[in-house]
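Step one of this worksheet: look at the structure below.
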Amino acid sequence: MAEVILENVVKSYGSTLAVNRVSLTIKDGEFVTLVGPSGCGKTTTLNMIAGLIELTSGNIKIGNKIVNDLDPKDRDIAMVFQNYALYPHKTVYQNLEFPLRMRGVDKDKRHAQVMRAAEILGITALLDRKPRQLSGGQQQRVAVGRALVRDPAVFLMDEPLSNLDAKLRVHMRAELKHLQGELGATVVYVTHDQLEAMTMSDKVAIMNHGVLQQYGTPDEVFHKPANTFVAGFMGSPPMNLLSTMIEYVDGDPVLVGDGALRFRPKTPKIKAALQNAPSRRVILGIRHTAIPIVQNGAADDSADSVPAEIYTVEPTGDVTFVHVKVGEHLLVSSTNDLRFTGRIGDQVGLAFDESHIHLFDTETTHTLLN
Amino acid sequence: MSAITQGGSQAVAYPARRFGIKQRRALLRLTIIYAGTMVLALFAALPMVWMVSTAIKPRSDVFREPTTIIPTNATLENFIRVTEPLTPSGRYFGTYFLNSTIVSVASSVFSVMIAAPAAYAFSRFRFPGKQVAYFAILARNMFPLIVFLIPLFTLMTALQLVNTYAGLIIAYLTFTLPLSIWLLKGFFDGIPPELERAARIDGCTRFGAFVRIILPLTTPGLAATVIYSFVQAWNEFPYALNLAYSTNMRTLPVGMTFFFSENQSDWTGLMATAVIISIPVVIIFMILQRYFVSALTQGAVKA
Ligand SMILES: Nc1ncnc2c1ncn2[C@@H]1O[C@H](COP(=O)(O)OP(=O)(O)O)[C@@H](O)[C@H]1O
Ligand SMILES: [Mg+2]
């Protein structure tokens, strides 16, 4: 097992920067996920760690050694591909054995290691089959098996679950995470699915347009997003982002949006952030959980509740998402009240939970808090 | 694969009694298909039947009326006459056969050996001039062979390769390579690049991944390349006639025409030679076709 360090890694294809100055430290035994929309440079980054693509500039270190010019085979890594990349002309056994064979492991030891990996993944019964005789889930297991058969320093996985159906995906998510914990493996995992990133990772690296947006624990990136991109990407439904103006009433800052949207913070920290804001225009970010619906009449702290009109209602069983309109703003709120009876067009109140709001600079999109 | 066999067995397994409209229509369709196929097969087979039939007739029976397809007194005498080293008609047969074998085997071996890496490069790598080079290769097949005969002859004369194996092999490569490269590129394009990436991570060099993972998946393409190059070289006439004309360098097709002009009326001998020439082609087809079909039905590269 080993630490992986990326220092100002750049990959350009002609004039396009697929990966732009990415720096990351992946500690020994950590499960780190690269997440971001399609085309943001995740696969390119992973392939550079693997040695399948050359860096344009920067350094990659594995276990404190610069590996920029090392062949993939000399980096002590294993990789699981999105399409599994099982060798179609080899049996499952031969697929698992191949990395050991290529490294000159002797026959008895190969057999022992193949059987161990097969047992861990529960594919012992499939060893004589060819990949085309396996279901998608089984192929996926074999692909993981081929990676862990030789105990590499780092596991690289490129969307390994995205070709599975939803139910199997949830199951394999838990299984992979469990396996990683048991083996104490260092894993760099790529996905475009923020939920996968949140649930599996020790740390999440969010990328967009080849640029690393934020690197932190799932808790950090969810509760303290560094910019509007992270705020909008992590979490479902995404965080509400509203364009507002700072106005001053009796010397105190008040955020004014469209329609009746007014929000007067009380916390000194938020007040200070607004007073120090470089421009009067700021983006107010707030998740659905922090603007619960207060039904008409039931609003007790009515001073702070913002009047809104129901746009649509989405019950999901335990939570009901309520899309509401405040002036021109369309936001998502929610309620846990199972007897919620609001209908399209109803007037409701929204309570702003001040301890959970976010403020971003309109120009740079960076957070204005901390 | 299973879908095809199932469909096929259903089509034959119609119950004998109670033909509904649907069954009757299906039967009619089958009849038309089979009848059409048989006409085509007959069209292709008849000249060959005639060739074999004439080859095993005694010389005196060739023009006998009424013509028979199955000879009444079949003989192998013609085969002996045209191959017997001590007779005037058969003395060069061994030389011609050897020449043809050397040139054809070398052409097909070099075709595969050169076309496979070249096609792989065209499929996987970006390099300056790639489009132009690929077009230039394909452009070769837009012209009839004969157009290049005179330039090739001039070239071979300058290189002093006229009447050598090398000269003829190189000339043959000019038309077997373009098709082989094009064909193999198609196969490589169909293999997901992740397979060789996986192999490189599993411990192969780039070349090792090509040899251990990619080439085995390309077996049908390689077999097709071998068949095509061998058959083309084996049957080729105009290049052989002009680039290897000396008596000891002639290939079988060229030798056969000389045989015919020297032994004007020997139709049975000519047909016997033709039969012998066809045999290696049939054999190589039978051997490689098995690979071909099995590799195709396996759906080897479905990832
Ligand atoms: N071989 C290549 N040539 C040119 N552009 C490429 C190449 N590979 C990737 N790119 C570009 O780099 C960007 C990042 O691609 P990729 O890393 O595959 O994204 P992701 O895996 O996050 O979806 C994309 O805009 C893609 O078009
Ligand atoms: Mg990708």
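The structure presented is a predicted model; accordingly, all values stated were derived computationally and were not measured.
- Proximity to chain B (any heavy atom under 4.5 Å) is shown, for Tyr87(A), by both the backbone and the side chain.
- In this structure, Leu156(A) and Ile201(B) have side chains that are not in contact, with every pair of non-hydrogen atoms separated by 4.5 Å or more.
- With salt bridges taken as basic N to acidic carboxylate O contacts below 4.0 Å, one links Lys61(A) and Glu7(A).
- Of the atoms belonging to Arg150(A), it is side-chain heavy atoms, and not backbone ones, that fall under 4.5 Å from chain B.
- Within the 4.5 angstrom heavy-atom criterion, atoms from both the backbone and the side chain of Arg212(B) approach chain A.
- With a 4.5 angstrom heavy-atom cutoff, Asp76(A) does not touch chain B via any of its atoms.
- Each of Lys167(A), Lys177(A), Arg141(A) was checked for a side chain to side chain contact (heavy atoms under 4.5 Å, CB included) with Met172(A), and the lone residue meeting it is Arg141(A).
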Would Tyr239(B) and Phe175(B) count as a side-chain contact (heavy atoms from CB on, under 4.5 Å) if you check the C-alpha gap in whole Å, the side-chain angles of each, and the deciding distance to 0.1 Å?
CA-CA 11 Å; Tyr239(B) 284 10; Phe175(B) 62 85; 4.1 Å; yes

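- Around atom NZ of Lys130(B), more than 12 heavy atoms belonging to other residues, nucleotides or ligands sit under 6.0 Å away.
- Contact tally against chain A (heavy-atom pairs below 4.5 Å) for Cys204(B), Gly203(B), Pro193(B): the top residue is Gly203(B).
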